[in-house]
Amino acid sequence: MEDSRYDVIVIGAGAAGLTAAIYLARARMKTLVVDRGTPGGQMILTYSVANYPGVAEASGAQIAATMRQQAQSFGARILGQAEVTRMDLSGPVKVVEVEDEGTFTAPAVILATGGVPRSLGLPSEATFRGRGVSYCATCDGDFFAGQDIAVIGGGNSALEESVSLARQVRSVTVIHEFDHFQAQPFVVEQARREPKIRFLMEQDVREFVGDESLREVVAVHKRTGEVTRVPATGAFVFIGYVPDTAPLKGIVDLNDRGEIVTDDLLRTSIPGVFAAGDARQKRYRQITTAVADGTIAALSAIEYVGSTLTAPPPRP
């Protein structure tokens, strides 16, 4: 029973969740981190990170591995590839059930469930998912070495991953719905300097075409209606993320975009439940903002747990 009782349970092991675990465990909070995927979250999908303070340049996977080692060195227990099957967060003791691991309790929980890649919503996209259509250049880029690929999107991730992919493939066609990019100027300049990358602007992707695997991407110019068929054995979709909060609907307050609503101390609508990272309501989503969230949520949770330990017992 003692092994199932924790001071704080963190759901999610991305930048926010791992940072929270570092702060919690270092403060001698008995800490459990549960993640249904590989600890590291979206970080591990990033080939190169060059804007993390104190780190000149490293892969997201390297940063994630260091964070995980730090958290574990302070005593945090991390369960990866572990599915949360039920949560009861309503009472003073929170209950979290994890498939094949058992039931865990804690007075405080931090929700750091992150986001999942946004899809285009095309039927053909689902047909070719895993057969040419991908959402992770770091995971799948090697499969397309020496081939022609397409990247769909115009933000930082789309252009940064296009540059990364250009090192392995024969050509990259960036297909973007607007006439301008949402990426930072430096990222745009870097992509434009890469001779293997060409750009199709003001395009709507209409269909992915192939047989057993992807062969081309069909796009239509938004103003002229001109159809362009882009030969591509791989298509990487980078059009943002949606919060991974579907299991939390009806448990904590969410906004109309499905983001967890918090105050400045990252408290949710339930006492003792906090939220951090890409799953919560906020404008900017970077590794550094997730780290900041994890810090604040952990400090708030430490204060909350401390207050529950020092509170007088209820009168009979």
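The structure presented is a predicted model; accordingly, all values stated were derived computationally and were not measured.
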- Exam field: side chain Ser300 to backbone Ala297, donor-acceptor pair closer than 3.5 Å: no
- Can you establish whether the number of heavy atoms outside Gln147 located under 6.0 Å from its atom CD is more than 12? yes
- What is the distance from atom CG of Asp263 to atom CD1 of Ile296, rounded to the nearest 0.5 Å? 10.5 Å
- Item | Asp293 side-chain N/O to Gly277 backbone N/O, donor-acceptor pair under 3.5 Å | yes
- Message: If I compare all heavy atoms of Thr289 with all of Lys282, which pair ends up nearest, and what's the gap?
- Response: OG1-NZ, 3.4 Å
- Task: State whether the side chain of Thr245 and the backbone N or O of Ala279 hold a donor-acceptor pair below 3.5 Å, judged by distance alone.
- Result: no
- Has the side chain of Asp7 got a donor or acceptor atom that lies under 3.5 Å from a matching backbone atom of Lys30? yes
- Task: Write down the atom of Phe199, the atom of Ile197, and the distance for their closest heavy-atom approach.
- Result: CZ-CG2, 3.6 Å
- Item | Side-chain heavy atoms of Phe238 within contact of Glu161, under 4.5 Å | yes
- Task: Locate the shortest heavy-atom distance separating Ala58 from Val55; write the atom from each residue and the value.
- Result: CB-CG1, 3.7 Å
- Euclidean distance, Arg192 CZ relative to Arg198 CZ, rounded to 0.5 Å: 14.0 Å
- Do Leu159 and Gln190 have side chains that get closer than 4.5 Å, going by heavy atoms? no
- Item | Inter- and intrachain pairs under side-chain hydrogen bond (donor to acceptor under 3.5 Å, both in side chains), touching residues 105-120, at least two apart | none
- Look at the side chain of Glu125 and the backbone N and O of Val133, then say whether any donor-acceptor pair between them is shorter than 3.5 Å. no
- Task: Could you grab the distance from atom CG of Asp148 to atom NZ of Lys196, nearest 0.5 Å is fine?
- Result: 10.5 Å
- Message: I need the full list of salt bridge (Lys or Arg N to Asp or Glu O under 4.0 Å) pairs touching residues 35-56, with sequence neighbours left out, sorted by first then second residue.
- Response: Arg36-Glu83, Arg36-Asp244
- Are any of the side-chain heavy atoms of Tyr304 and Pro271 separated by less than 4.5 Å? yes
- Would you call Phe208 and Thr127 a side-chain contact if the rule is heavy atoms closer than 4.5 Å? no
- Within 6.0 angstrom of Arg28 CZ, more than 12 heavy atoms from elsewhere: no
- Going by heavy atoms in the side chains, are Asp253 and Thr268 under 4.5 Å from each other? no
- Query: Once you round to the nearest 0.5 Å, how far does CG of Leu32 lie from CD of Glu101?
  - Reply: 9.0 Å
- Query: Do His221 and Thr228 have side chains that get closer than 4.5 Å, going by heavy atoms?
  - Reply: no
- Does the side chain of Met201 come within less than 4.5 Å of Phe181's, by heavy atoms? yes
- Task: Over all heavy atoms of both residues, which pair between Ile149 and Phe144 is shortest? Give the atoms and the distance, please.
- Result: CG2-CB, 3.8 Å
- Query: Should the ring pair His176 and Phe178 be called parallel, tilted or perpendicular, given that the plane angle runs from 0 to 90° and is split at 30 and 60?
  - Reply: perpendicular
- Message: Under the side chain to side chain contact (heavy atoms under 4.5 Å, CB included) test against Val8, which residue among Leu24, Val109, Val33 passes?
- Response: Leu24
- Min side-chain heavy-atom separation Ile78-Arg68 under 4.5 Å: yes
- Message: Are there over 12 heavy-atom neighbours, none belonging to Arg26, within less than 6.0 Å of that residue's CZ?
- Response: no
- Note on the structure: On a heavy-atom basis, the closest approach of Ala301 and Ala108 is CB-CB, 4.5 Å
- Over all atoms of both residues, closest heavy-atom pair of Ile44 and Ala64: CG2-CB, 3.7 Å
- From Glu202 atom CD to Asp179 atom CG, the distance as rounded to the nearest 0.5 Å: 4.5 Å
- Item | Hydrophobic cluster membership, Val98 vs Leu248, 4.5 Å side-chain cutoff | yes
- Task: Find the distance between OG1 (Thr19) and CD1 (Ile287) and round it off to the nearest 0.5 Å.
- Result: 10.0 Å
- Query: So which pairs with a foot in residues 209-220 pass side-chain hydrogen bond (donor to acceptor under 3.5 Å, both in side chains), sequence neighbours left out?
  - Reply: Ser213-Arg215, Glu216-Arg229
